[in-house]
Protein chains: 4
Amino acid sequence: MLEELKATVLAANLELPRAGLVTLTWGNASGQDRETGLVVIKPSGVPYDAMTVEDMVVVDSEGRVVEGERRPSTDTPTHLALYRGLPGVSGVVHTHSTWATAWAQARRSIPVFGTTHADLCPGDVPVTDPLTPEDVLSGYEFATGSKIISIVAGRSPQEVPAVLVNGHGPFCWGSSAADAVVTAITLESVAKMAWLTVALDPAAVPLPEHIVARHFTRKHGSGAYYGQP
Amino acid sequence: MLEELKATVLAANLELPRAGLVTLTWGNASGQDRETGLVVIKPSGVPYDAMTVEDMVVVDSEGRVVEGERRPSTDTPTHLALYRGLPGVSGVVHTHSTWATAWAQARRSIPVFGTTHADLCPGDVPVTDPLTPEDVLSGYEFATGSKIISIVAGRSPQEVPAVLVNGHGPFCWGSSAADAVVTAITLESVAKMAWLTVALDPAAVPLPEHIVARHFTRKHGSGAYYGQP
Amino acid sequence: MLEELKATVLAANLELPRAGLVTLTWGNASGQDRETGLVVIKPSGVPYDAMTVEDMVVVDSEGRVVEGERRPSTDTPTHLALYRGLPGVSGVVHTHSTWATAWAQARRSIPVFGTTHADLCPGDVPVTDPLTPEDVLSGYEFATGSKIISIVAGRSPQEVPAVLVNGHGPFCWGSSAADAVVTAITLESVAKMAWLTVALDPAAVPLPEHIVARHFTRKHGSGAYYGQP
Amino acid sequence: MLEELKATVLAANLELPRAGLVTLTWGNASGQDRETGLVVIKPSGVPYDAMTVEDMVVVDSEGRVVEGERRPSTDTPTHLALYRGLPGVSGVVHTHSTWATAWAQARRSIPVFGTTHADLCPGDVPVTDPLTPEDVLSGYEFATGSKIISIVAGRSPQEVPAVLVNGHGPFCWGSSAADAVVTAITLESVAKMAWLTVALDPAAVPLPEHIVARHFTRKHGSGAYYGQP
């Protein structure tokens with residue numbers, strides 16, 4: 001079942017180490033089938049160089065395995081929480097990519113210092129509140145998803161395509177698994193350049209609003225004119 | 001038409017990700033035909049690994065497509081402004097290369113800290129003034145070109161072969177698209193070493209003028225003795 | 001003798017430069033045969049690209065060569081001290097990997113700033129006391145091992161899977177040579193992200209204990225649920 | 001003539017970009033024939049990927065071309081000054097490698113912060129005095145060599161195997177061109193780790209003398225026991 005989705009989710013997972021976002025097995029990509037709501041996700045702790053379409057796991061919205069021989073990613077409850085809470089999202093990627101994780105560990109949101117960031121989204125990449133002991137006990141991975149959704153609240157997942165989990169690392173999303181990978185690659189580049197910017201000038205100021213708006217709408221929304229028609 | 005120029009512009013574009021200057025589709029190279037004034041430029045948002053000579057777009061000095069199936073780079077008006085305003089320039093490259101962009105985001109010019117920089121140019125790599133809301137409304141990409149030209153003013157494009165656009169990234173040029181790529185590679189290396197220098201010593205001083213002059217004239221001008229005759 | 005162990009120790013050594021942890025010949029991996037207590041280790045100063053199974057050296061617990069044409073790594077006495085002092089350890093890796101070595105040279109332990117670190121171990125990666133002139137005279141490499149063991153003291157080698165030798169670099173271990181390589185790769189990634197974190201915020205605080213515990217037990221011990229059953 | 005030496009000098013030059021020490025054409029390696037005193041050196045400004053044995057240039061101790069179709073490296077007078085002034089040196093390498101150049105641009109010597117450095121040499125990697133306008137006029141490249149020799153003065157070229165030229169970059173040497181490449185690779189690694197160390201702790205202190213001495217003599221001199229006999 002869902003053979004095409006499995007192939008794209010596998011391809012998205014394999015792109016993560018190739019793009020330098022994942023070391024060892026520290027990352028996962030998933031994609032949702034819009035019709036059935038079923039989610040295809042990476043298996044837990046399987047080396048990337050041996051991963052095949054058969055290793056992909058199909059789970060329902062409660063996390064029950066519908067198809068597949070493998071145990072799904074331990075982060076599956078977080079992915080499912082995001083599909084439930086973020087309308088229009090059909091792909092999710094989680095990594096411990098170096099520079100984005102440094103911001104997450106320093107518990108700082110990434111300000112919009114330049115047009116590369118504005119091409120991705122018009123505001124800060126926010127960092128979640130820390131999980132309380134009660135959050136951890138109540139279901140650690142699901143609570144992580146809830147924290148992410150609560151910080152997006154009031155904005156669309158297109159305006160906030162990624163969030164840094166406090167002391168952990170980034171979760172990214174998009175209209176497909178491949179699109180979420182593009183978000184993850186962009187975020188890591190933005191995180192590195194923002195780090196270098198504040199190291200060069202701790203008082204660096206964000207890009208003015210009129211330039212942010214121009215860049216974001218050049219690539220997103222009905223007036224976009226970037227790319228091919 | 002312009003088959004040879006198209007091949008060199010394609011090669012220049014493909015060199016950008018290979019040299020680590022471009023992530024995803026964030027960069028573009030163009031070349032101008034000196035006889036006709038026509039410009040060959042990269043298409044907008046097309047992945048590098050699938051790009052062919054047929055994707056190259058030929059535009060006239062007003063940005064009208066003269067040949068090609070693709071929509072040209074959204075930065076085309078900036079390229080055209082540079083060809084018009086910078087005498088002797090027949091190649092332009094734009095990237096969001098990491099270290100040069102960090103300086104652009106911190107809104108600082110890059111001082112001449114060493115001979116690697118002096119081999120490229122004898123003065124700071126300047127950063128433009130920020131675009132005003134009026135600039136953005138009047139034609140964002142063209143206004144970007146005007147800001148670049150106004151900061152070069154009074155010096156030759158050989159003395160100032162690259163400019164950092166405020167909060168955005170570098171534009172580089174040369175006597176051909178290939179030459180502009182060499183400028184872009186050199187600038188990124190210079191930007192990284194300058195960043196590391198000021199981090200090691202925030203009060204680092206520029207290279208003395210007599211050494212700057214010697215290095216620049218070793219590679220440029222009638223007394224140059226670097227390379228093969 | 002020990003042909004299987006030799007093959008895995010060779011593979012572990014070859015993985016070190018591939019993972020970017022070793023420059024030139026600055027690193028070594030070994031593995032211990034649990035039945036006989038014999039140790040297979042890399043030869044000293046042999047280039048990685050020419051290394052074969054025949055170059056591996058078998059030594060006994062006193063460092064006497066039992067089999068092999070080569071002189072064993074100069075760090076052999078340190079490896080042997082670790083096998084003797086750390087119960088359950090059957091693989092050891094030493095490198096001068098860049099970011100972990102920077103912490104060792106700054107003589108600072110690496111705090112648990114995030115979940116990547118907590119996935120490896122639940123506490124700081126400690127740095128040893130400096131060796132005294134008497135330590136150096138008494139047997140430099142053996143004394144290095146003693147310093148490492150004394151700082152692990154009171155905790156298990158699973159809780160402290162790596163130590164930074166003061167002014168030198170990391171020693172890492174695990175249940176096999178391959179497992180020790182995973183420790184070394186993880187440590188280098190953790191060291192880099194911790195470095196970037198304190199540079200972004202010199203007052204960065206460690207991850208709360210309840211999240212550290214959850215991550216460590218997700219991957220280690222009887223309640224682990226990461227990976228395949 | 002000197003076909004074997006030409007082959008080793010070519011190999012040494014090709015190793016420089018492969019090891020990440022050279023961008024574009026910014027580096028050069030040479031080797032001296034001990035019997036005749038003739039020097040084989042890289043041609044000036046020739047791309048590495050097209051370089052062959054035929055491009056190597058043979059010069060005498062005055063810099064006159066004895067064999068070869070190419071113009072020799074512009075840094076030839078510096079190489080010749082080093083062969084004349086540093087006894088036992090038969091290979092020289094010059095690069096603009098990123099981290100070593102950052103120290104040269106900040107005009108700071110690299111302290112011995114760890115054993116990786118002590119394995120190379122027992123003291124700081126010194127930075128030269130700046131060249132005066134008179135030095136530049138008198139023969140820029142030769143004067144560069146004189147500054148290097150004057151800072152080594154009183155120590156052997158084995159104790160000081162590399163020097164940072166003020167505002168420029170490193171010159172490295174050894175008993176052959178291949179040995180000088182090893183010096184250059186080691187220096188760049190040492191420079192990066194020292195940079196990361198002082199960024200982590202601006203008051204970082206050098207390694208104690210008794211550990212420096214032990215490491216240096218482990219690899220160098222009559223008591224060396226590193227490597228194969």
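Every chain is numbered from 1, with letters handed out A, B, ... down the list of sequences.
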Report, as yes or no, whether the 6.0 Å neighbourhood of atom OH on C:Y48 holds more than 12 heavy atoms from other residues, nucleotides or ligands.
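Yes.
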For atom CD of C:E35, decide whether the heavy atoms of other residues, nucleotides or ligands shown that lie under 6.0 angstrom number more than 12.
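No - once you tally the heavy atoms of other residues, nucleotides and ligands closer than 6.0 Å, there are 12 at most.
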For chain A, the option from C:G227, C:P229, C:G114 that forms the most heavy-atom pairs under 4.5 Å
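Heavy-atom pair counts peak at C:G227.
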Is [X] in contact with chain C via its backbone, its side chain, both, or neither, using a 4.5 Å heavy-atom distance?
{"X": "A:L131", "result": "both"}
{"X": "A:T23", "result": "side chain"}
{"X": "A:E134", "result": "neither"}
{"X": "A:P133", "result": "both"}

Only heavy atoms, only distances under 4.5 angstrom. Which residues in residues 53-73 of chain A are near chain C?
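Residues A:R70, A:R71 are the ones that qualify, each having a heavy atom under 4.5 Å from chain C.
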Structural part of [X] lying under 4.5 Å from a heavy atom of chain A:
{"X": "C:H215", "value": "side chain"}
{"X": "C:A194", "value": "backbone"}
{"X": "C:S189", "value": "side chain"}

Any salt bridge between A:D135 and C:R214, counting N to O under 4.0 Å?
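No, this pair does not count.
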Using a cut-off of under 4.5 Å on heavy-atom pairs, state which of A:N166, A:V198, A:T132 scores highest against chain C.
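Most heavy-atom pairs within the cutoff with chain C belong to A:T132.
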Taking the side chain as C-beta and beyond, is there a heavy-atom pair between [X] and [Y] under 4.5 Å?
{"X": "C:D119", "Y": "A:W26", "answer": "no"}
{"X": "A:R107", "Y": "C:V205", "answer": "yes"}
{"X": "A:Q105", "Y": "C:L196", "answer": "no"}

Quick one: closest heavy-atom pair of C:L200 and A:A102, and the distance?
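In terms of heavy atoms, the two residues are closest at CD2-O, 4.0 Å.
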Of all the heavy-atom pairs spanning C:Y225 and A:T74, show the shortest one and how long it is.
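Scanning both residues, the minimum pair turns out to be O-CG2, 3.3 Å.
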Given C:T115 and A:H96, is the side chain to side chain contact (heavy atoms under 4.5 Å, CB included) satisfied, shown in steps?
CA-CA 9 Å; C:T115 61; A:H96 291 208; 3.7 Å; yes
